[in-house]
Amino acid sequence: MATHIAPEIVLTRGGQIPSGISVQRRSQTGVIQGEGKAQRTRDRILQAARIVFARHGYQDATVEHVVREAGLARGSFYTYFSSKHDLFRHLAGVIDRSIAEEVVKSDALHKSNPIENLSISNQVYLAVVKRNYDLYVLVDGVASFDHTVRDARLASRQKHIDRVAKKIQQWQAMGWAGPDVNAELAAALLVSMTATFSRWLYVGESHFDENEALEYLNNIWITTCKLAEPKNAKDAK
């Protein structure tokens, strides 16, 4: 059964707080250079923000709420983030980083068998949404009144559509996908459907079994792309 309990968030404690790091440079790169205590402190602020935004909502949450939750001095916050909005932007980026680090990389696991590759990618994607569904709810809510967040989400969606369209075209070149499939249209429909369904599966009152849901999801992708093992590949076996 699908689970609707928010993921457990554990805050790390301890460590010195670095100083003299440029806020402008961090806003451009989105990362703190180096590893160790600096990165752990930054992650600690992000973890605290995740709790605070879930508890108070974006509009009512304050920097003071975040630093109190993180157990840090207020001045330490500005070593890493320039404002609450800057903090939220980086927190929302967790979604895209998870997709890039987990889902996109999974595309390369079974290059010679798109159906197996698809099954793994969809399974990994659902796992990412399940683990981060509180962030999806938060980002979708803020996007309803903040055009910069909305535009960022739309740009992210288009990036994924372009990636999937390219993947379908590769499948067509391999002889696995139907040559008459409109790759761009199919990608737009499949990405939108998968994103909306996965949110509903974990955020809504879904009672569906996750494995069964994944099986149906895979079949929709297979049918839409007209995926099938090429005849010449079967003859070669």
Side-chain angles (χ1 to χ4, degrees), residues 1-8 92 94-140 153-154 156-237:
M1 299 296 289
T3 305
H4 307 294
I5 300 175
E8 181 182 0
V94 169
I95 295 174
D96 287 333
R97 287 194 296 275
S98 295
I99 296 295
E101 293 171 2
E102 299 176 51
V103 179
V104 176
K105 284 185 178 180
S106 71
D107 284 345
L109 294 178
H110 291 277
K111 291 182 178 180
S112 62
N113 192 321
I115 293 179
E116 290 184 16
N117 183 75
L118 173 65
S119 178
I120 293 172
S121 295
N122 281 339
Q123 184 176 24
V124 172
Y125 179 79
L126 290 183
V128 168
V129 175
K130 182 178 182 178
R131 188 174 69 247
N132 296 293
Y133 87 84
D134 59 318
L135 291 182
Y136 278 97
V137 173
L138 179 63
V139 172
D140 287 345
R153 297 314 299 152
L154 290 174
S156 178
R157 175 67 62 83
Q158 187 59 54
K159 180 180 179 180
H160 293 312
I161 290 173
D162 293 342
R163 176 178 62 83
V164 172
K166 183 178 180 180
K167 179 62 64 176
I168 294 174
Q169 290 169 347
Q170 291 174 349
W171 293 343
Q172 289 174 317
M174 294 166 62
W176 278 78
D180 59 336
V181 172
N182 184 323
E184 292 183 3
L185 178 57
L189 291 170
L190 291 169
V191 169
S192 298
M193 180 270 296
T194 303
T196 300
F197 174 75
S198 60
R199 285 175 172 81
W200 179 79
L201 182 63
Y202 299 116
V203 178
E205 297 300 323
S206 168
H207 60 278
F208 295 118
D209 176 79
E210 290 176 276
N211 292 327
E212 184 178 15
L214 176 62
E215 181 181 355
Y216 272 73
L217 183 64
N218 290 338
N219 286 337
I220 291 173
W221 277 72
I222 291 170
T223 301
T224 301
C225 297
K226 300 181 181 179
L227 281 175
E229 185 175 9
K231 185 177 184 299
N232 59 352
K234 294 179 182 179
D235 293 340
K237 291 182 179 180

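Only this structure's heavy atoms are used, side chains among them; waters, hydrogens and symmetry mates stay out.
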| query | For E116, does its backbone N or O pair with a side-chain atom of S119 as donor and acceptor, under 3.5 Å? | reply | no

| field | Check: N211/E215 side-chain N/O donor and acceptor closer than 3.5 Å | value | no

| Going by an N to O cut-off under 4.0 Å, is there a salt bridge joining K226 and D180? | yes

| message | Counting C-beta onward and ignoring hydrogens, is there a side-chain heavy-atom pair between I115 and E229 closer than 4.5 Å? | response | no

| note | For I99 and Y136, the nearest pair of non-hydrogen atoms, with its separation, is CD1-OH, 4.1 Å

| request: Return the minimal non-hydrogen interatomic distance between I168 and A186, and the atom names on each side. | output: CD1-CB, 4.0 Å

| field | Stepwise side-chain contact (heavy atoms from CB on, under 4.5 Å) test for L126 and E210 | value | CA-CA 9 Å; L126 290 183; E210 290 176 276; over 6 Å; no

| field | Lys/Arg N to Asp/Glu carboxylate O, R157 vs D162, below 4.0 Å | value | no

| request: Supply the atom-to-atom distance F208 CZ to W200 CH2, rounded to the nearest 0.5 angstrom. | output: 4.5 Å

| said: Do the side chains of E102 and R131 get close enough for a salt bridge, i.e. N-O under 4.0 angstrom? | reply: yes

| query | Below 4.5 Å, heavy atoms only, C-beta onward: do W176 and Q172 meet side chain to side chain? | reply | no

| query | Is D140 salt-bridged to R199, going by a charged N under 4.0 Å from an acidic O? | reply | yes

| query | Roughly how far, to the nearest 0.5 Å, is the SG atom of C225 from the CH2 atom of W171? | reply | 5.0 Å

| request: Over all heavy atoms of both residues, which pair between A195 and S198 is shortest? Give the atoms and the distance, please. | output: O-OG, 2.9 Å

| Heavy atoms of other groups near E184 CD, more than 12 under 6.0 Å | no

| said: How close do L227 and P114 get, counting heavy atoms only, and between which atoms? | reply: CD2-CB, 4.3 Å

| request: Evaluate the criterion side-chain contact (heavy atoms from CB on, under 4.5 Å) for residue pair D96 and R153; output intermediate values, then yes/no. | output: CA-CA 9 Å; D96 287 333; R153 297 314 299 152; 3.6 Å; yes

| query | Is there a donor in the side chain of T194 and an acceptor in the side chain of W221, or the other way round, less than 3.5 Å apart? | reply | yes

| request: Rounded to the nearest 0.5 Å, what's the gap from CD1 on I220 to CG on N122? Could you check? | output: 10.0 Å

| query | Given the rule in the side-chain contact (heavy atoms from CB on, under 4.5 Å) test, do L138 and D134 qualify, once you have shown the distances and angles that lead to the verdict? | reply | CA-CA 6 Å; L138 179 63; D134 59 318; over 6 Å; no

| message | Which heavy atom of V191 sits nearest to which heavy atom of H160, and what is that distance? | response | CG2-O, 4.1 Å

| remark: Rounding to 0.5 Å, atoms CG (N218) and CD1 (I120) come to a distance of 10.0 Å

| field | T224 side chain reached by M193 side chain, heavy atoms, under 4.5 Å | value | no

| request: Would you check if the side chain of N132 reaches a backbone N or O of V128 as a donor-acceptor pair within less than 3.5 Å? | output: yes

| remark: Distance col, row Y125:OH vs L217:CG, nearest 0.5 angstrom, shows 9.5 Å

